[in-house]
Amino acid sequence: MPSESEPCSRINRLSAAAFARPKTSFINALYGRTDIMHWADVVAKELADKYDQPLIATGISPTGIIHVGSLREAITGESVRSAVEGLGKDVRLIYLIDSFDPLRKRYDFLPESFEQYVGMPISRIPCPCGKHMNYAHHFVQPFLDALESLGVKCDIIWTHELYDQGRFAECIDMAMRKRKEVIRILHEVTGKAGDPNYAPYNPVCEKCGRFTSPVFDTYEYPIMEYRCNCGHCGHADVTKGDGKLTWRLEWPAKWKIFGTGAEPFGKDHAAAGGSYDSGKRIVREIYDGVEPYPIPYEFVQLKGVGQMHKSLGSPVTGLDAINMTPPEILNYLFLRVNPERHIDYDSGLGMLDMADEYDRMERIYFEGGGNGTDENSVRAYELAQHNHVPGGMPLQVPYRHLVNVVQMADDFEGVIEILSRTEEMSKANEEDIGRLRRRSECVRYWLNGFAPDSVKFYIADTVPCVELSMVEKVYFQALIPKVMDCNWDADTIGGIVADTAKESPIGSKKGYQALYKILIGKTSGPRLGSFIASMDRNFVMNRLIQASQ
RNA sequence: GGGCCUGUAGCUCAGCUAGGUAGAGCAUCUGACUUUUAAUCAGGUGGUCAAGGGUUCGAAUCCCUUCAGGCCCGCCA
């Protein structure tokens, strides 16, 4: 067994005494399987065995802009929630918004006037845009929207309200009374010199509104005196929102208050001597509670940033990721690998691979045919639906194909129209259309900012600069009279193009390439019949005439 | 300085708990498909499992060392 100081080892080797993992053979026997379970099921099993009404906690500190990793945390929590739900348990996922955290500094994206708010709780700082209740609300709202679209089913809890309601009062009191012990624990866990003036609780100055330090000796529940740097002396009531616990003390206090059974958190907290280690001792020795099953996860890195953004020097933000990744695929992206594995979020061609893989898992789920190595991924697909797997095989439009179609159409109606030419769209139900619409929006966002040029095309105004052989010109000449007065529809054009190429010396394959060359300057492109049919006949005629000279 | 995670095919990753002939998908190549072309199907190529040592009849898997990448160590996930 690893030692207690390795909370970030593989989750299935976690050493927390209360969570000794059952033998896999036992789990497999239980499920009648011989393979290895998905990690979310492993955690779910632990929780279901230990709690009647398991509670999973997760959260965010919305002091600044959201990043992709925050989504990983939420999705990790939700996947465990739905896995526990699948075991028939009454399970709850709470989402704690750390709205009472102080603003640590004036970030670059904030106007200079926000300098005055540094050190104040973000629930009491005005909204930068004026449309939200406060600073915290402003930054967390897009994220809450994302949770909604990702299908994360959680109860939103604002930390500043918990303080207002006095929910932390008991823990604050215990932390203050056992302050010396707290300092000793922090010293032992972090290995750093104990600070005798360490304050587990910081009151908010009623005059300047900033967090400050308390006067220890005069503390008598529930009143704490403080002397603020601004010169003001006052009293804080720990049963009201007059101050907050420091992070190392606040986290375990939340475990105690909610009886948290499991919680995903970034590996920063999981480091030896980090806040999970100290929290584990504080919740037991100070608050008389129990620590949750830890689900440490690795960070998400960004990769393959599109050229357009790279040249502008702007990175992929969490909102970009939400906007360019269909929600079900983003869920899947985080569930297909173990939490301790870092993920390269690929905003380039990897996006297409991921979408294709998701669709493939969907087919295996409904139609079978997968092999052993797919099993974990199929379960990830299932979990990505949060227990709402479609009743039957949904309509699938290959993602790469959609990338072409979106570029040919002006809007979503156009996408449907183009797809209808080759796909029986009438059998699509409301959910199919909804998903298709969402995917089309994502594709468009992706094309606009992140897609590599190789997948983009546009119809050149004039003949592109390409070498044209005699054979190709002969082919164009043969096409001109046929295209001049034929029916202008995809099938007819497709037939003409194919037949003419076959009859001409150029042959089928080269014929297609020649046409793509003069239309979009590449040797491949969208399915040619419908592609040409979507253009104006005179335009096509002129192009052929010019190119054949 | 201390610690964690990762390293398996060109790419993304399974496989490691319980040692037993190296696996998928994508990409690539080949061949089919007489409405054919970025939407189908079949097959093939491709790995010194980061490197070295140890334990073992047998190691991608367990142990040790090294290298590389990422990250944490009183609040960025």
Side-chain angles (χ1 to χ4, degrees), chain A residues 5-10 12-13 21 23-25 35-36 42 58-61 63-74 76 98 101-102 104 186 189-192 195 198 246-251 264-275 277-278 296-301 304 318 333 336-344 346 349-350 352-354 356-357 360-361 370-377 396-405 419 422-423 454-455 457 490-492 494-499 501-502 508-509 511-513 516 522-529:
Chain A
S5 61
E6 295 175 24
C8 208
S9 59
R10 282 168 186 271
N12 46 19
R13 288 184 200 157
R21 187 170 179 254
K23 292 253 186 272
T24 312
S25 56
D35 55 304
I36 287 160
V42 175
T58 172
I60 190 173
S61 181
T63 44
I65 46 176
I66 308 291
H67 46 70
V68 203
S70 325
L71 294 172
R72 179 173 208 176
E73 173 156 332
T76 301
D98 291 334
D101 283 7
R104 291 182 214 301
L186 290 182
V189 172
T190 65
K192 303 205 170 172
D195 174 6
Y198 182 84
T246 55
W247 167 246
R248 291 250 182 188
L249 277 294
E250 184 181 277
W251 197 19
F265 48 88
K267 58 129 163 244
D268 50 340
H269 297 315
S275 47
D277 274 2
S278 59
Y297 61 90
E298 257 286 355
F299 288 172
V300 179
Q301 294 162 48
L333 171 70
R336 66 195 278 272
V337 294
N338 287 334
E340 79 267 20
R341 211 178 171 103
H342 89 258
I343 290 175
D344 284 324
D346 188 344
L349 285 176
L352 304 181
D353 290 338
M354 198 49 58
D356 284 347
E357 184 178 312
R360 195 169 63 85
M361 292 311 148
N371 53 49
T373 60
D374 290 329
E375 204 158 315
N376 195 64
S377 298
Q396 285 194 349
V397 175
Y399 207 76
R400 283 163 204 273
H401 183 47
L402 192 60
V403 168
N404 287 330
V405 173
L419 288 174
T422 51
E423 196 88 32
S454 62
V455 300
F457 62 83
D491 285 350
T492 308
I496 290 173
V497 166
D499 291 345
K502 231 177 286 177
S508 215
K509 188 170 183 175
Y512 280 103
Q513 293 180 350
Y516 286 124
K522 302 170 146 197
T523 54
S524 62
R527 194 162 165 128
L528 204 51

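Protein chains get the first letters and strands the later ones, always in sequence-line order, with residue 1 at the start of each.
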- Position toward the 5' end of RNA chain B (nearest nucleotide), D374(A) or V497(A): D374(A)
- Query: Parallel, tilted or perpendicular: which describes the rings of F265(A) and W251(A), with under 30° parallel and over 60° perpendicular?
  - Reply: perpendicular
- N/O (side chain, R341(A)) to phosphate O (OP1/OP2, rG70(B)) under 4.0 Å: no
- Could you give the distance separating rG7(B) and rA50(B) at their P atoms, to the nearest angstrom? 8 Å
- When you match R336(A) and T246(A) each to their closest nucleotide on RNA chain B, which lands nearer the 5' end? R336(A)
- Round to a whole Å and report the spacing from CZ of R248(A) to P of rC73(B). 9 Å
- Could you check how far CG of L249(A) sits from C1' of rC75(B), rounded to whole Å? 12 Å
- Message: Under a 4.0 Å threshold between the charged nitrogen and the carboxylate oxygen, would R248(A) count as salt-bridged to D277(A)?
- Response: no
- Message: For the C1' atoms, the ones on rU8(B) and on rA42(B), what distance do you get once it is rounded to whole angstrom?
- Response: 27 Å
- Note on the structure: Of the listed rC71(B), rA39(B), rC26(B), the closest approach to the D353(A) side chain comes from rC26(B)
- Message: If I pick the P atom on rG69(B) and the same atom on rA60(B), what distance separates them, to the nearest angstrom?
- Response: 26 Å
- Item | Inter-nucleotide C1' distance (rC72(B), rA77(B)), Å rounded | 12 Å
- Strand RNA chain B in bracket notation, Watson-Crick/G-U under 3.5 Å with | for pairs to another chain: ((((((((.[[[[.)....(..]]]].(((((.......))))).....[[[[[..)....]]]]])))))))....
- Among the nucleotides rU37(B), rC75(B), rU6(B), whichever has the atom closest to the side chain of Y512(A) is rU37(B)
- Query: E298(A) side chain to I343(A) main-chain N or O, any donor-acceptor pair under 3.5 Å?
  - Reply: no
- Task: Take atom CG of D356(A) and atom P of rG25(B), then tell me their distance rounded to the nearest Å.
- Result: 13 Å
- Query: Taking atom P of rU36(B) as reference, at what distance in whole Å does atom CD1 of I496(A) sit?
  - Reply: 16 Å
- Query: Closest approach of Y297(A) and R72(A), non-hydrogen atoms and distance?
  - Reply: CD1-CD, 3.7 Å
- Remember a base hit wins even if backbone is also touched, and classify V455(A) as base, sugar-phosphate or nothing at under 4.0 Å, heavy atoms. base
- Nearest heavy-atom approach of L186(A) to S278(A) is CD2-CB, 3.9 Å
- Could you give the distance separating rU56(B) and rC64(B) at their C1' atoms, to the nearest angstrom? 16 Å
- Query: Looking only at heavy atoms, what is the nearest atom pair of N376(A) and R336(A), with distance?
  - Reply: ND2-O, 3.8 Å
- Task: Take atom CG of D277(A) and atom P of rC4(B), then tell me their distance rounded to the nearest Å.
- Result: 11 Å
- Message: When the P atoms of rC29(B) and rG23(B) are compared, how many Å lie between them, rounded to an integer?
- Response: 25 Å
- When you compare rU61(B) with rG52(B), how far apart are their P atoms, in angstrom units rounded to a whole number? 12 Å
